[in-house]
A.B. asks: 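Please read through the structure below; I'll follow up with questions.
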Protein chains: 2
Amino acid sequence: MRRNTIQRQLVYTAVQNSKSHPTADEIYNTIKESYPDISLATVYRNLNLLAQDSEIRKISVPDSADRFDHTVKPHYHIKCTCCGRFEDIVTRYMDQLDSAVAEDTSYLVESHDIVFQGLCPRCSRA
Amino acid sequence: MRRNTIQRQLVYTAVQNSKSHPTADEIYNTIKESYPDISLATVYRNLNLLAQDSEIRKISVPDSADRFDHTVKPHYHIKCTCCGRFEDIVTRYMDQLDSAVAEDTSYLVESHDIVFQGLCPRCSRA
DNA sequence: GTGGCTGCAAAATGTTTGCACGGAT
DNA sequence: ATCCGTGCAAACATTTTGCAGCCAC
């Protein structure tokens, strides 16, 4: 049975209100402004619980800390190899990849993540 | 100018000889058997240099340590969410995704990685 | 009242770095 | 002779965990 604590609500709200893709530490610092007693461990615990419950999404980013996304609907991401900027891609999720791979591998495929890498407009001008 | 040291050759060879997708620590332990003085820091340094030079590939794995791949040709991976098993997928690399995303985002897209997740045959039977 | 959740500190994990020395060029 | 790469240890970054008390149920 899962309890509905103040801390979990704060974590959830902070992720929802973030326009970008915050790291655990960014969430922690945001919440601390209004609720200075919260602990980083609690932030991590709740981010993981919320991700388990599919209320937020956990994204694994190459060469940096995990990020969290308020958008639960599957979608893709792009990372600038120069400045680290990290953004959504607005293409349609390709369900058919999952079924194709399921046939080829005899895995029970649940999902896939795509991370594109390249130079963002600003960095490519330099 | 890059020097050709024994240690770098050992790291390169260890990655090539590995059938799977070893972590830095696995490479380190393999090499230590024949060359006990090698340091983990040296293994990390050389793995990163080799990946920079595109002699091996570095793969970011959700919720676990980075892995290294002797296959330089771009291809996709799948991870079992239950036992952590990690394998190649033998589909064709979809170049057209990179150009499509380049058009949509005005990034200079270099590449993309896909990691599928699901249950491997063994785990799905349980 | 109970047991899941918290804060804190410590530990665990994964990776990088400062430094003096040694070896490849 | 140069100076890049090494081993070592320490630092660093990120995330998890043990524990005693607390609070939502």
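What you see below is based on every heavy atom in this structure, not just the backbone, and it leaves out hydrogens, waters and symmetry mates. This structure is a prediction, so every number in the text was calculated from the model and none was measured. Numbered from 1 within each chain, the chains take letters A, B, ... in sequence-line order.
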A.B. asks: Side-chain donor or acceptor of A:R8 under 3.5 Å from a matching atom on the base of C:dG4?
C.D. replies: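 Flag unset: no donor-acceptor pair detected.
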A.B. asks: When you measure from the side-chain N and O atoms of A:T5 to the phosphate of C:dT6, is any distance below 4.0 Å, counting only OP1 and OP2?
C.D. replies: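 Answer is yes, contact under 4.0 Å.
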A.B. asks: Write down the distance between CG (A:L40) and C1' (D:dA13), rounded to a whole number of angstrom.
C.D. replies: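 These atoms are roughly 11 Å apart.
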A.B. asks: Have a look at B:D69 and tell me which of B:H77, B:R57, B:K58 forms a side chain to side chain donor-acceptor pair (under 3.5 Å) with it.
C.D. replies: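 Among B:H77, B:R57, B:K58, the one meeting side chain to side chain donor-acceptor pair (under 3.5 Å) with B:D69 is B:H77.
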A.B. asks: Can you find a side chain N or O atom of B:Y44 that sits less than 4.0 Å from OP1 or OP2 on C:dT16?
C.D. replies: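 No, no such contact exists.
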A.B. asks: Between A:Y12 and A:D53, do the side chains contain an N or O donor and an N or O acceptor separated by less than 3.5 Å?
C.D. replies: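 Distance-only check fails for A:Y12 and A:D53.
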A.B. asks: Can you tell me the distance, in whole Å, between the CD1 atom of A:I27 and the P atom of D:dT15?
C.D. replies: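 For the pair A:I27 CD1 and D:dT15 P, the rounded distance is 12 Å.
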A.B. asks: Just to confirm, is there a sub-4.0 Å distance from OP1 or OP2 of C:dG23 to any side-chain nitrogen or oxygen of B:N4?
C.D. replies: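 No, no such contact exists.
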A.B. asks: Return yes if the base of C:dG4 and the side-chain atoms of A:R45 contain a donor-acceptor N/O pair under 3.5 Å, otherwise no.
C.D. replies: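 Looking at the base of C:dG4, it does not pair with any donor or acceptor on the side chain of A:R45 (distance under 3.5 Å).
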A.B. asks: More than 12 foreign heavy atoms under 6.0 Å from CZ of B:R2: is that the case here?
C.D. replies: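 Yes - once you tally the heavy atoms of other residues, nucleotides and ligands closer than 6.0 Å, there are more than 12.
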A.B. asks: When the distance from CG of B:L47 to P of D:dG5 is rounded to whole Å, what number comes out?
C.D. replies: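 From B:L47 CG to D:dG5 P: 15 Å.
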A.B. asks: To the nearest angstrom, how far is A:L49 atom CG from D:dT17 atom P?
C.D. replies: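 Rounding to the nearest Å, CG of A:L49 and P of D:dT17 are 12 Å apart.
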A.B. asks: Which is true for B:I38 with a 4.0 Å heavy-atom rule: it touches a base, it touches only sugar-phosphate, or it touches nothing?
C.D. replies: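 Here B:I38 touches the backbone only, sparing every base.
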A.B. asks: Side-chain N or O of B:T23 versus OP1/OP2 of C:dG14: is the shortest distance under 4.0 Å?
C.D. replies: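 It does not, given that no N or O in the side chain of B:T23 lies less than 4.0 Å from OP1 or OP2 of C:dG14.
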A.B. asks: If each of B:R3 and B:A41 is mapped to the nucleotide of DNA chain D with the nearest heavy atom, which maps nearer the 5' terminus, i.e. the 5' end?
C.D. replies: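 Checking each residue's closest nucleotide, the 5'-ward one belongs to B:R3.
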A.B. asks: Report the distance from atom CG of A:D63 to atom P of D:dA13, rounded to the nearest whole Å.
C.D. replies: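 It works out to 15 Å between those atoms.
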A.B. asks: Could you give the CZ-to-C1' distance, from A:R67 to D:dT15, as a whole number of Å?
C.D. replies: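 Value for this atom pair: 16 Å.
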A.B. asks: Measure the distance from CD on A:Q9 to P on C:dT6 and round it to the nearest whole Å.
C.D. replies: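 In whole Å, C:dT6 P lies 11 Å from A:Q9 CD.
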A.B. asks: Using only atom types and a distance under 3.5 Å, with no angle test, would you say the side chain of B:Y107 pairs donor to acceptor with the backbone of A:K79?
C.D. replies: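 Not a single qualifying donor-acceptor pair exists.
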A.B. asks: Measure up the A:H75 and A:H21 rings against each other and bin them: parallel (under 30°), tilted (30 to 60°), perpendicular (over 60°).
C.D. replies: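 The arrangement is tilted - the two ring planes meet at 30° to 60°.
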A.B. asks: Is the closest side-chain donor-acceptor distance between A:Y93 and A:H112 under 3.5 Å?
C.D. replies: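 Side-chain D/A pair, A:Y93 to A:H112: present.
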A.B. asks: Measuring to OP1 and OP2 of C:dC8, would you say a side-chain N or O of A:S39 lies under 4.0 angstrom away?
C.D. replies: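 Negative; the distance criterion is not met.
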A.B. asks: Mind checking B:D37 for me? I need base, sugar-phosphate or nothing, with any heavy atom below 4.0 Å counting as a touch.
C.D. replies: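 Here B:D37 touches the backbone only, sparing every base.
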A.B. asks: Both B:P36 and B:M1 contact DNA chain D. Which one's nearest nucleotide lies toward the 5' end?
C.D. replies: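 Residue closer to the 5' terminus by nearest nucleotide: B:M1.
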A.B. asks: Just call it for A:D25: base, sugar-phosphate, or nothing, with non-hydrogen atoms closer than 4.0 Å on any strand.
C.D. replies: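 No contact.
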A.B. asks: Rounding to a whole Å, what distance do you find between B:N29:CG and C:dG14:P?
C.D. replies: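 Rounding to the nearest Å, CG of B:N29 and P of C:dG14 are 12 Å apart.
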A.B. asks: Closest to the A:N48 side chain: D:dT15, C:dT15, D:dT16?
C.D. replies: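 Output: D:dT16.
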A.B. asks: With heavy atoms under 4.0 Å as the rule, sort B:Y35 into base, sugar-phosphate or nothing.
C.D. replies: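 The residue B:Y35 makes sugar-phosphate contact but no base contact.
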A.B. asks: I want to check one thing: is the phosphate of C:dG7, taken as OP1 and OP2, less than 4.0 Å away from some side-chain N or O of A:Q7?
C.D. replies: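 The answer is yes; a side-chain N or O of A:Q7 sits under 4.0 Å from OP1 or OP2.
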